[in-house]
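Just the heavy atoms: all of them, side chains too, but no hydrogens, waters or symmetry mates, feed the values below. These numbers were taken from a predicted model, which means no experiment stands behind them. Here, residue 1 is the first one in the sequence, and each next residue gets the next number.
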Amino acid sequence: MANTAALDGINGLRDIRRSPASHLAAVLEAGSIQGSVVLNEIPFQTMAGVRVDPRSEEGFRIAAVVGGLPTRSGEVGGADGVSVLWLGPSEFLVVAPEEAHDSLGGDLISSLTGALSHAPGQVVDLSANRTTFELSGPRARAVLEKGCALDLHPRSFPPGTALTTEVGSIPVTLQKTGAESFRLFPRASFADYLGRWLLDALREFASPEVP
């Protein structure tokens, strides 16, 4: 249940918050090509870095909080709006909507911390550490392939896959969320560069195709 007192307290700050790519909002919208490729930022998502042995009791408790942990490289776990991205055999990135954060009336971070308790492992609030870019449309894969070494063909990178890689020389976690949609999770300090790199990479698709 949402903590309404927490919501009332934070609402006054919402209007003055600025996401890492907020200054690019207008150019992201102007540079997107409807029907071909669209780029936007999804700001302020709740994120947590989790280190835990998934086979341990505390691992099972954390899995119960998020709806399941991925078991191998590339796999995405989670349920009910929470995604858990595999970063290593005992390292995961938990991503959830903004309202899941404890400061907004949610309880995700405290629930993860409580599930780990005093057992070996780590839960770190990374919500301010990264931002999220969403790239979607028929040309989204072609844009990413200009600066990503992964094989992004659907047979190798189907929806529901996430891997750590580089896009435009920037370290990101790349998640395929649908047949023609991707999410990129760069660190906040790289948001400006990566946003501009993606805009430049998609620019060619504004021109008509040559028959």
Same apolar cluster: L198 and F205, side chain cutoff 4.5 Å: yes

Euclidean distance, L112 CG relative to Q122 CD, rounded to 0.5 Å: 12.5 Å

Single-linkage hydrophobic cluster L184~V38, side-chain heavy atoms < 4.5 angstrom: no

Within 6.0 angstrom of E57 CD, more than 12 heavy atoms from elsewhere: no

Any side-chain heavy-atom pair of L85 and F92 under 4.5 Å: no

Main-chain N/O of A25 paired to E29 side chain as donor or acceptor, under 3.5 Å: no

Chi angles and distances behind the side-chain contact (heavy atoms from CB on, under 4.5 Å) call for Y193, I170: CA-CA 8 Å; Y193 177 90; I170 297 301; 3.5 Å; yes

T173 side-chain N/O to L163 backbone N/O, donor-acceptor pair under 3.5 Å: no

Same apolar cluster (I L V M F W Y, side chains within < 4.5 Å links), L39/F185: no

Nearest heavy-atom neighbours spanning H153 and R141: CA-NH1, 3.7 Å

T131 to A191 - nearest heavy-atom pair and separation: CG2-CB, 3.9 Å

Straight-line distance of D192 CG to W197 CH2, nearest 0.5 Å: 15.0 Å

Any side-chain heavy-atom pair of V82 and V95 under 4.5 Å: no

Whether S36 side chain and I33 backbone form a donor-acceptor pair below 3.5 Å: no

R61, CZ atom: more than 12 neighbouring heavy atoms under 6.0 Å: yes

Flag side-chain contact, heavy atom, 4.5 Å: V50 against V84: no

Rounded distance (nearest 0.5 Å) linking atom CD of E41 with atom CG of L28: 7.5 Å

Same cluster (ILVMFWY, side-chain, under 4.5 Å), L24 and L144: yes

Intermediate values then yes/no, side-chain contact (heavy atoms from CB on, under 4.5 Å), N129 and M47: CA-CA 8 Å; N129 178 257; M47 301 188 199; over 6 Å; no

Distance (rounded to the nearest 0.5 Å) between I42 CD1 and E98 CD: 11.5 Å

Main-chain N/O of E91 paired with R51 side-chain donor or acceptor, under 3.5 Å: no

Between S110 and D102, a side-chain donor and acceptor under 3.5 Å: yes

Over all atoms of both residues, closest heavy-atom pair of F44 and R18: CZ-C, 3.9 Å

Contact check, side chains of V172 and F190, non-hydrogen atoms, under 4.5 Å: no

Enclosure of D80 CG (heavy-atom neighbours >12, cutoff 6.0 Å): no

H101 versus S127, closest heavy-atom pair with distance: CD2-OG, 3.4 Å

Heavy-atom closest pair, residues C148 and V167: CB-CG2, 4.1 Å

For P54 against F60, the heavy-atom pair lying closest together: O-CE2, 3.9 Å

Same cluster (ILVMFWY, side-chain, under 4.5 Å), W86 and V124: no

Pairwise side-chain contact, F182 with T177, heavy-atom cut-off 4.5 Å (strictly under): no

Steps toward side-chain contact (heavy atoms from CB on, under 4.5 Å) verdict (L150, E145): CA-CA 8 Å; L150 291 178; E145 286 173 337; over 6 Å; no

Backbone of A201 reached by a side-chain donor or acceptor of K146 within 3.5 Å: yes

S32 and N40, any side-chain heavy atoms less than 4.5 Å apart: no

Any V65 side-chain heavy atom under 4.5 Å of L108 side chain: yes

Polar side-chain atom of T113 near backbone of I109 as donor-acceptor pair, under 3.5 Å: yes

OG1 on T161 to CG on L174, rounded to 0.5 Å: 9.5 Å

Q175 CD to E134 CD distance, which is reported to the nearest 0.5 Å: 10.0 Å

E180 vs S136 side-chain heavy atoms within contact, under 4.5 Å: no

